[in-house]
Amino acid sequence: MIKIAVLVSGNGSNLQALIDANLSGQIVGVISNKPEAYALERAKKANIATAVIEHKQYPNREAFDDVMHQQLLDWEVDLVILAGFMRILSEKFVKAWEGKMINIHPSLLPNYKGMHTHQRVLNTGDRLHGCTVHYVTAELDAGQALAQGVLQVGIHDDAVSLASRVHVLEHLIYPQVAEWICNGTVIYTDQGVLFKEQPLLEPIQFCKF
Ligand code: GAR
């Protein structure tokens, strides 16, 4: 059975969706860089081990990442799931977990990498918005996309309503992609990602109109 660690910094609604999905892999631990993250309570309620590794206590990014890396090794983790983890990871850490680490980002990548995605979508006047699950590479929000949830921006939407509508999609697609990895439907290879044994050329799309 695949062993999963989830990295969080905040509320952890995506962690909750992963817990509730009863994946065929096992979530063996949750790491937070913030001691006050509500995600830690969610993990404890589900009897999942937790570790608080505060970035502020380390002199630099590499030192912080080394401690996280060691914790993941101690838990014998096969898959790292970033779920609202708001730290940029060092190249060394990302290389060590290449093909074994996924992230969810609140935009239709490659559009709107980085922060404040909902407001930036509104500022541009885009009609479509959503979220993307992707492998993590050293370049921010740029690894191969596995799945996207797409919604239509309504005339009454603001950044708050968009955030909550995107969350609904996130809770749908993230557990699905995690399960695909756990059960071998999605396989990472050096030549590219396979979906049902075929090269995955485009992210799988989930639409909510
Ligand atoms: C999610 O919307 C996720 O896409 C975003 O943080 C939120 C976490 O919510 N992640 C990023 O912006 C990463 N760059 P949650 O803590 O309730 O799961």
Side-chain angles (χ1 to χ4, degrees), residues 4-21 23 27 29-46 48 50-53 55 61 64-65 68 79-90 93-94 97 101-123 126 128-151 153 157-179 203-206 208:
I4 301 166
V6 184
L7 272 51
V8 297
S9 301
N11 178 26
S13 68
N14 279 288
L15 168 66
Q16 192 67 56
L18 291 162
I19 292 169
D20 294 344
L23 300 171
I27 304 175
V30 169
I31 297 177
S32 175
N33 64 315
K34 300 233 170 149
E36 71 277 14
Y38 183 64
L40 290 166
E41 305 307 316
R42 298 181 188 271
K44 284 174 197 157
K45 269 191 206 133
I48 298 168
T50 59
V52 175
I53 303 174
H55 61 276
R61 212 179 278 289
F64 166 69
D65 286 359
M68 281 205 301
L79 174 67
V80 179
I81 300 185
L82 308 184
F85 183 70
M86 304 307 271
R87 298 291 304 165
I88 291 176
L89 296 161
S90 63
F93 183 90
V94 172
W97 294 95
M101 180 157 59
I102 57 174
N103 181 43
I104 192 156
H105 181 77
S107 78
L108 297 174
L109 291 172
N111 298 334
Y112 308 106
K113 298 173 181 177
M115 306 280 284
H116 310 299
T117 56
H118 311 301
Q119 191 56 53
R120 287 158 65 204
V121 162
L122 290 166
N123 293 349
D126 289 357
L128 297 179
H129 184 35
C131 51
T132 305
V133 178
H134 63 96
Y135 277 108
V136 178
T137 54
E139 194 187 332
L140 184 70
D141 300 329
Q144 180 165 358
L146 297 171
Q148 290 187 316
V150 185
L151 56 73
V153 179
D157 269 314
D158 58 18
V160 174
S161 69
L162 276 185
S164 93
R165 291 180 64 208
V166 168
H167 260 117
V168 172
L169 279 173
E170 292 186 336
H171 302 160
L172 181 76
I173 74 170
Y174 218 8
Q176 176 63 81
V177 173
E179 182 56 28
I204 309 293
Q205 287 220 343
F206 295 76
K208 194 160 179 104

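Whatever order the structure lists them in is the order used to number ligands and atoms, beginning at 1. Side chains are part of it too, since the values below use all heavy atoms of this structure and drop only hydrogens, waters and symmetry mates.
- The main-chain N or O of A142 is never found under 3.5 Å from a side-chain atom of H105 such that the two would form a donor-acceptor pair.
- Looking at atom 9 (O) of ligand 1, its nearest protein heavy atom turns out to be H167 NE2, 3.1 Å.
- Side chain of R42 to backbone of G12: a donor-acceptor contact under 3.5 angstrom is found.
- At least one heavy atom of G12 sits closer than 4.0 Å to an atom of ligand 1.
- Shortest contact from atom 10 (N) of ligand 1 to any protein heavy atom: I104 O, 3.6 Å.
- Protein heavy atom nearest atom 14 (N) of ligand 1, with residue, atom name and distance: H105 ND1, 3.6 Å.
- If you check which protein heavy atom lies closest to atom 17 (O) of ligand 1, you get S13 OG, 2.5 Å.
- Distance from atom 6 (O) of ligand 1 to its nearest protein heavy atom, with residue and atom name: G84 CA, 3.7 Å.
- Of the heavy atoms in M115, none comes closer than 4.0 Å to ligand 1.
- Considering backbone and side-chain N/O of N14, one or more are found under 3.5 Å from N/O of ligand 1.
- In this structure, E139 places its CD atom where only 12 or fewer heavy-atom neighbours from other residues, nucleotides or ligands lie under 6.0 Å away.
- Here the heavy atom of the protein found nearest to atom 12 (O) of ligand 1 is P106 CD, 3.4 Å.
- Panel note: side chain S107, backbone T117; no donor-acceptor pair is recorded below 3.5 Å.
- Annotation: E170 places an N or O atom under 3.5 Å from an N or O atom of ligand 1; distance criterion only.
- Relative orientation of the H129 and H118 rings is perpendicular, given thresholds of 30° and 60° on the angle between their planes.
- Of the N and O atoms on the side chains of S161 and D157, at least one donor lies less than 3.5 Å from an acceptor on the other residue.
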